[in-house]
2 protein chains.
Amino acid sequence: MTKPRSRRGGGRPTIADVARKAGVGAITVSRALREPGRVSEDLRRQIRAAVDELGYVPDPNARALASARAEVFGVLVPSLTNNVFAEVVRGIYDSLSDSPFRIQIGNTHYSGLEEERLLQVFGSQRPAALIVAGIDQTPSARRLLENAGCPVVQVMETGPDPVDMMVGFSHFDGGRTAAEHLLQAGYRKIGFIGARMDPRSQRRLAGYRAAMEAAGLFDARLVTTTPVPSSVTLGRELFRDALAKMPTLDGVFCNNDDIALGVLFECHRASIDVPKQIGIVGFNDLDMMQVSFPSITSVRTHRYEIGTRAVAMALSAIAGNRPEQRIVDLGFELMRRESTGR
Amino acid sequence: MTKPRSRRGGGRPTIADVARKAGVGAITVSRALREPGRVSEDLRRQIRAAVDELGYVPDPNARALASARAEVFGVLVPSLTNNVFAEVVRGIYDSLSDSPFRIQIGNTHYSGLEEERLLQVFGSQRPAALIVAGIDQTPSARRLLENAGCPVVQVMETGPDPVDMMVGFSHFDGGRTAAEHLLQAGYRKIGFIGARMDPRSQRRLAGYRAAMEAAGLFDARLVTTTPVPSSVTLGRELFRDALAKMPTLDGVFCNNDDIALGVLFECHRASIDVPKQIGIVGFNDLDMMQVSFPSITSVRTHRYEIGTRAVAMALSAIAGNRPEQRIVDLGFELMRRESTGR
DNA sequence: CATGCAAATGGTAGCGCTACCATCTCGGGC
DNA sequence: GCCCGAGATGGTAGCGCTACCATTTGCATG
């Protein structure tokens, strides 16, 4: 009449099995695993031996239920394929790989509503921390973040009013710097070409516009944008549109490097000399920018570092150390190359 | 002397609160949420009203603990930034966005040991399904997959001996097709340039080699590889190496499109005519291949579909329908473009 | 009219872990 | 020698949910 080992669990060893084998209480095993310092050397050794022998792995679900806190970082990004976010995510993964924290990524597809939905889903798990891209949450998404009951890091941008913490840089300044560089290099009819036009792209456009207005050279016809997702192909097409609209164009600030590459290829194809006839500046500084012919000037952003820094801040907040600096500006760097070397 | 609402839980509504409000048993609420068909129309309405009013969201951790099954898809990929895997992951996300399943991605960094470790971690959660890239698991990783107790889909490649299910294509055939195309186009001294050289790259190389040997044109000096991660910059450097080693080179099959782009740029820089002096074939067919100047011939792979198909198979296995076809070959498509149009 | 059976609902007993609160031991201070 | 507090360990009682096994009801069947 022995009770079967377990009604449902797949018969995997539990903390009670380890405790029995090590001759201690279950709670001591739990402590030995989570706060080794609070268990004596002797027992710790016995427990480790029992764990190894049984191949015990704690059940994260039971752990989360009992402690009302899951060892999960929730990460919300607008795109998985955009290299920019992929780099941030990679930074997050690398920083968390030696920690007990798991990572759960949500893809918002650049939609505020989808972001709300995912925040709801993520929140139901009581994550240890949340990392979200951008600062333009809907009011209700913002409320969810404020009530998440865990550290929150907004990444990619800086802004005046963080939910909790922030790591990023000023896209406005990035756009302005790019435009000013073209102006200094002697270009005058400088276009802006942008796809997707999410809030960050909008702010880069605003920075470009500020620089152009300051130089007395802004003209609405210089701006060519589309809500369509960015691609190299699209860069080529938009550049053609821009040129059709404004044949005297002598420079372009591209919303991102894919667009810039598309512009460069179209210049090759149409035998437009870069940088003599057209100067090109990209944004993000992907690897290929330095190899292309001619190499392309771009605004380098520190995407991987944004990820690692965000994790570092969240981790220290979890440990109880609120950071002295809630807003971290990692800046950017203008990489001058052949494409603007007139 | 009223007991406090709860010792730990943040005071969020539980299934018992909903049951009380709706005047039914907790189990009926649980059923109404998971198998609505088994609860009468009337109660379902009452329950839905109570859920909405209280803002009840089920706790996935409690659910996982009680049912010994987490609504999680574990996904293991070797890289997060490599566009190839990002596309697969995007397909997985899109296919799962309307389901209750969450996704947990693990980054193996092309390491079998890391894959084992992540499998151990993922397994401890009792995931609903596992999707892993590649077919070259270590013996112990393979054992973990076999004992995972859930559907397993190996993606990116096909092979003779699936753990459970497989979706992908033959990299060997892809490599052979690329080389044969160059041969047919009249190129003779066709090099292979590859970075990273993971098992899939090795098989593409093997396919290339088979085609070259069949034509009696294989020469070990035609092959230039490195274990270093792939990049456009690296493509340029490897091409220079290849050319230094074999100045009469008249074609290259590049392990991937980044390398191919690097080769193209170096050709521009060194005034090597493409396709007259050198023919170039890439692999994967990223968007930029069709826009570059000249456009680059590439082997198109169906990465997004691999992701969606893997999810579809896993979902149907979860529903109890073992697929008639355990190995799905999605093939590839040679996209002929200017870079091989001699 | 008893019987059987399916459909609808509920009670009980955990799932595997940890928070909370003992209990016990030991050494130092008086 | 006694008291006290710190450190180490353990027992109990859940966390919020669902598997399992009733129980109830309604209705077709013989």
Side-chain angles (χ1 to χ4, degrees), chain A residues 3-20 22-47 51 54-71 100 123-126 128 149, chain B residues 3-20 22-47 51 54-71 100 123-126 128 149:
Chain A
K3 199 166 70 174
R5 176 191 189 63
S6 160
R7 196 161 39 118
R8 335 180 208 183
R12 297 190 324 190
T14 71
I15 202 168
D17 298 326
V18 176
R20 206 171 308 120
V24 299
I27 191 68
T28 304
V29 175
S30 175
R31 267 198 288 260
L33 263 30
R34 292 176 302 134
E35 317 166 82
R38 299 174 51 73
V39 174
S40 70
E41 179 65 31
D42 267 11
L43 288 192
R44 235 181 314 168
R45 221 191 339 267
Q46 275 171 251
I47 289 169
V51 165
L54 293 171
Y56 169 72
V57 182
D59 181 330
N61 298 121
R63 198 171 250 193
L65 181 58
S67 64
R69 186 55 67 204
E71 290 185 315
S124 70
Q125 298 178 70
R126 305 165 186 277
Chain B
K3 199 166 69 173
R5 177 191 188 64
S6 160
R7 198 161 39 117
R8 336 180 208 183
R12 297 191 324 190
T14 72
I15 202 170
D17 298 326
V18 176
R20 207 171 308 122
V24 300
I27 191 70
T28 304
V29 175
S30 175
R31 267 199 288 259
L33 263 30
R34 291 176 303 134
E35 316 166 82
R38 299 174 52 74
V39 174
S40 69
E41 179 64 31
D42 267 11
L43 287 192
R44 233 182 315 168
R45 220 192 339 265
Q46 275 171 252
I47 289 169
V51 165
L54 294 171
Y56 169 73
V57 182
D59 180 329
N61 298 121
R63 195 171 253 192
L65 180 58
S67 63
R69 188 53 68 204
E71 290 184 315
S124 70
Q125 300 177 70
R126 306 163 184 279

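In what follows, chains carry the letters A, B, and so on, assigned in the order in which the sequence lines appear, proteins first and then strands, with residues in each chain numbered from 1. Heavy-atom basis, side chains included; hydrogens, waters and symmetry copies ignored.
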Discussion item. For a quick check under 3.5 Å, do A:Arg34 and A:Ser30 share a side-chain donor-acceptor pair by atom type?
Written reply: yes

Worksheet item: How close or far is atom C1' of C:dC17 from atom CZ of B:Arg126, stated in whole angstroms?
Response: 13 Å

Worksheet item: What does the inter-axis angle of the helix from C:dC1-D:dG30 to C:dC30-D:dG1 come out as, five pairs per end, nearest 10 degrees?
Response: 40°

Fill in: Value in whole Å for how far the P atom of C:dC15 lies from CD of B:Glu71
21 Å

Worksheet item: Rounded to whole angstroms, how far apart are CG on A:Leu54 and P on C:dG16?
Response: 14 Å

Item to complete: Of all the heavy-atom pairs spanning A:Val39 and A:Arg44, show the shortest one and how long it is.
Response: O-NE, 3.3 Å

Discussion item. Rounding to an integer number of Å, can you tell me how far A:Ile15 CD1 sits from D:dA13 P?
Written reply: 19 Å

Practice prompt. Rounded off to whole Å, could you give me the CD-to-C1' distance for the A:Gln46 and D:dA8 pair?
Written response: 14 Å

Practice prompt. Rounded to the nearest angstrom, tell me the gap between atom CG in B:Asp59 and atom P in C:dC15.
Written response: 18 Å

Practice prompt. Identify the two heavy atoms, one from A:Val29 and one from A:Ala19, that lie closest to each other, and give their separation to 0.1 Å.
Written response: CG2-CA, 3.7 Å

Worksheet item: A:Arg126 versus B:Asp59: any side-chain heavy-atom pair under 4.5 Å?
Response: yes

Worksheet item: What integer distance in Å separates A:Asn61:CG from C:dT18:P?
Response: 12 Å

Worksheet, complete the sentence: Heavy-atom closest pair (A:Thr14 atom, A:Tyr56 atom, distance to 0.1 Å) is C-CE1, 3.5 Å

Worksheet item: Between A:Ser124 and B:Val57, what is the shortest heavy-atom contact and its length?
Response: CB-CG1, 3.5 Å

Worksheet entry | Residues within residues 22-41 of chain B bordering DNA chain C, heavy-atom distance below 4.0 Å | B:Val24, B:Gly25, B:Ile27, B:Thr28, B:Arg31, B:Val39, B:Ser40

Worksheet item: Nearest-Å distance, CD (B:Gln125) to P (C:dG16)?
Response: 15 Å

Discussion item. Can you give me the closest heavy-atom contact between B:Arg12 and B:Asp17, atom names plus distance?
Written reply: O-OD2, 4.2 Å

Worksheet item: Where the side chain of B:Leu43 is defined as all heavy atoms beyond and including C-beta, which of C:dT9, C:dC17, D:dC17 is the nearest nucleotide?
Response: C:dT9

Discussion item. For the CZ atom of B:Arg69 and the CG atom of A:Asn61, what is their distance to the nearest 0.5 Å?
Written reply: 10.5 Å

Practice prompt. Heavy atoms only: give me the nearest B:Ala32-B:Ile47 pair and the separation to one decimal.
Written response: CB-CD1, 3.7 Å

